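First listed ligand is number 1; within each ligand, the first listed atom is number 1. All values derive from a computational prediction rather than experimental measurement. For the single chain, residues carry numbers from 1 onward in sequence order.
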Amino acid sequence: MTYSKIIGTGSYLPERILTNADLEKIVDTTDAWIQERTGIRQRHVVAEGETTGDMAFHAAQRAMDAAGVEPGDIDLIILGTTTPDLIFPSTASLLQHRLGLRDVGAMDVNAACTGFLYALSIADKFIKVGDARRALVIGAESITSLVDWEDRQTCVLFGDGAGAVVIEASDEPGILSTHIHANGEHAGLLGTDVGVSRGFREGEKNAGIAIQMKGNEVFKVAVRTLSRIVDETLEANGMDRSDVDWLIPHQANLRIISATGRKLGLSEDRVIVTVDRHGNTSAASVPLALDEAVRSGKIQRGETLLLEAFGGGFTWGSALVRY
Ligand code: ACO
């Protein structure tokens, strides 16, 4: 059987840092409230003119360098993002050219915060069936461009960044399984209420483009759903929770992350946490956390990683990986 294996990781964070103290000057909030409810201390924000594609480019280059591959070695590129540079062409198409790849398939996947896991799942299938040997999989997001900086309920949560992996066909695992889901029933709890086809609101700030979230309700569904997907992932592999070495969760809220860590019976030092410094970077958060943990030497070859995410849609997904 052919598996896909992660052979390199990379990430990028914009230079500008916005602390909770900075936000105290913009909206009626406190550092104490933000830290207590979310675990976030600071987040990175794109510079004027800096795009999702720019961040994805740097993360992809670093992942390719770490993997020791050349642009000509890549034969598929998939980018998870909710904040593409343009409506079209896709940001993945723009990256294909900018990275100097051959005329390989390139696509964006919009699954909000689960975008990277959707992208990884699709790329893994391409490799398993033999249609690709090496794929570049990216999660990148300038999600702060969708933030209303006057809405204290949402503006304190989000940050920008990008993470990437190169995966390659291998006889040994590799990615053991991926699981993706969506249910649009409660679409109104998290998302935007304007768009290209439904239209924008003329005369409103940013034409009405702003993340709307019923945070409390999203929180409850997220905890329940992530608990279910942990069970689903372990069952699919005939594994027990004690087989997992590291949890690499979507970084939305430290309380949600801790609940999933407890469900797995993992001690806190086995759960990768970046939300304190990155905030919620949507589709970028899982590959950013993975890259940081790999580069710091925490995650070692041969260890078993559980990646998971939950986001607008609702969408949710996971991957069990032998690193
Ligand atoms: N500063 C101070 N007070 C605030 C702030 C703020 N920034 N924001 C809200 N409050 C107030 C509220 O107005 C409310 O006041 P009230 O009691 O007087 O009405 C009080 O704090 C409590 O508000 P809640 O919304 O109940 O607070 P909660 O503990 O639920 O925390 C949070 C809010 C952090 C948003 C949490 O619900 C959460 O993390 N939800 C899940 C987010 C998530 O996982 N999203 C999915 C991924 S995102 C994506 O897909 C793009």
Side-chain angles (χ1 to χ4, degrees), residues 18-43 52 80-84 109-119 139-161 180-184 186-193 195 209-227 229 249-261 273-276 278-286 288-289 307-318:
L18 194 68
T19 65
N20 292 349
D22 296 328
L23 284 165
E24 284 178 353
K25 294 178 198 133
I26 305 174
V27 284
D28 179 16
T29 192
T30 61
D31 173 46
W33 190 95
I34 301 171
Q35 288 214 42
E36 189 196 317
R37 303 287 176 128
T38 70
I40 300 168
R41 290 189 284 116
Q42 61 169 56
R43 67 289 291 146
T52 296
T81 190
T82 324
T83 47
V109 177
N110 178 349
C113 299
T114 319
F116 174 76
L117 284 166
Y118 268 63
E141 211 81 85
S142 47
I143 195 83
T144 62
S145 56
L146 298 181
V147 160
D148 175 357
W149 291 104
E150 288 174 15
D151 177 10
R152 70 172 184 174
Q153 310 219 24
T154 52
C155 76
V156 301
L157 304 175
F158 295 99
D160 301 324
I180 56 171
H181 296 277
N183 184 337
H186 301 296
L189 294 183
L190 174 58
T192 66
D193 63 355
I209 303 170
I211 295 174
Q212 324 262 335
M213 176 162 76
K214 299 207 166 58
N216 209 294
E217 288 166 66
V218 175
F219 187 95
K220 288 179 210 148
V221 185
V223 171
R224 262 202 321 271
T225 309
L226 288 170
S227 168
I229 200 145
H250 172 47
Q251 309 283 322
N253 184 310
L254 191 55
R255 290 183 293 149
I256 300 177
I257 293 172
S258 300
T260 316
V273 174
T274 56
V275 70
D276 54 331
H278 300 173
N280 179 349
T281 58
S282 188
S285 93
V286 170
L288 258 166
L307 283 53
E308 49 86 340
F310 177 90
F314 291 126
T315 57
W316 61 101
S318 66

Provide, to 0.1 Å, the distance between [atom] and the closest protein heavy atom, together with that atom's residue and name.
atom                    : result
atom 31 (O) of ligand 1 : R255 NH2, 3.7 Å
atom 40 (N) of ligand 1 : G215 O, 3.0 Å
atom 50 (O) of ligand 1 : C113 SG, 2.7 Å
atom 34 (C) of ligand 1 : T38 CG2, 3.5 Å
atom 26 (O) of ligand 1 : N216 ND2, 2.6 Å
atom 43 (C) of ligand 1 : V218 CG1, 3.8 Å
atom 9 (C) of ligand 1  : W33 CZ2, 3.5 Å

Which atoms of ligand 1 are found less than 4.0 Å from any heavy atom of [X]?
X    : value
F310 : 47 (C)
G311 : 50 (O)
N280 : 47 (C), 48 (S)
L190 : 46 (C), 48 (S), 49 (C), 50 (O)
M213 : 42 (C), 45 (N)

Short N/O distance, under 3.5 Å, between [X] and ligand 1?
X    : answer
R152 : yes
H250 : no
R37  : yes
T29  : yes
G312 : yes
N253 : yes

Report yes if some heavy atom in the side chain of [X] is under 4.5 Å from a heavy atom in the side chain of [Y]; otherwise report no.
X    : Y    : answer
T315 : I180 : no
V109 : F116 : no
C155 : I26  : no
I257 : V275 : yes
T114 : H250 : no
I143 : N280 : no
T29  : I34  : yes
V221 : E217 : no

Non-hydrogen atoms of G311 and L190 that approach each other most closely
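So the minimum-distance heavy-atom pair works out to C-CD2, 3.9 Å.
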Closest heavy-atom contact between F310 and C113?
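Closest approach of F310 to C113, heavy atoms only: O-CB, 3.4 Å.
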Should the proximity of [X] to ligand 1, defined as any heavy atom under 4.0 Å, be assigned to the side chain, the backbone, both, or neither?
X    : value
V156 : side chain
I256 : side chain
A252 : side chain

Would you verify that at least one protein heavy atom lies under 4.0 Å from atom 16 (P) of ligand 1, or report that none does?
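There is no protein heavy atom less than 4.0 Å from atom 16 (P) of ligand 1.
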Would you say atom 37 (O) of ligand 1 has a protein heavy atom nearer than 4.0 Å?
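There is a protein heavy atom less than 4.0 Å from atom 37 (O) of ligand 1.
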I34 near ligand 1, heavy-atom distance under 4.0 Å?
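Per 4.0 Å heavy-atom rule, I34 does not contact ligand 1.
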Among N20, D160, D276, which residue meets the side-chain hydrogen bond (donor to acceptor under 3.5 Å, both in side chains) test with R43?
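Running side-chain hydrogen bond (donor to acceptor under 3.5 Å, both in side chains) over N20, D160, D276 with R43 returns exactly one hit, N20.
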Where does the angle between the aromatic ring planes of F314 and H186 fall among parallel (under 30°), tilted (30 to 60°) and perpendicular (over 60°)?
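Ring orientation of F314 relative to H186: tilted.
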Apply side-chain hydrogen bond (donor to acceptor under 3.5 Å, both in side chains) to E141 and T81, showing your working.
CA-CA 6 Å; E141 211 81 85; T81 190; 3.0 Å; yes
Partner of I211 by side chain to side chain contact (heavy atoms under 4.5 Å, CB included), out of D151, L146, D148
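Output: one option passes, namely L146.
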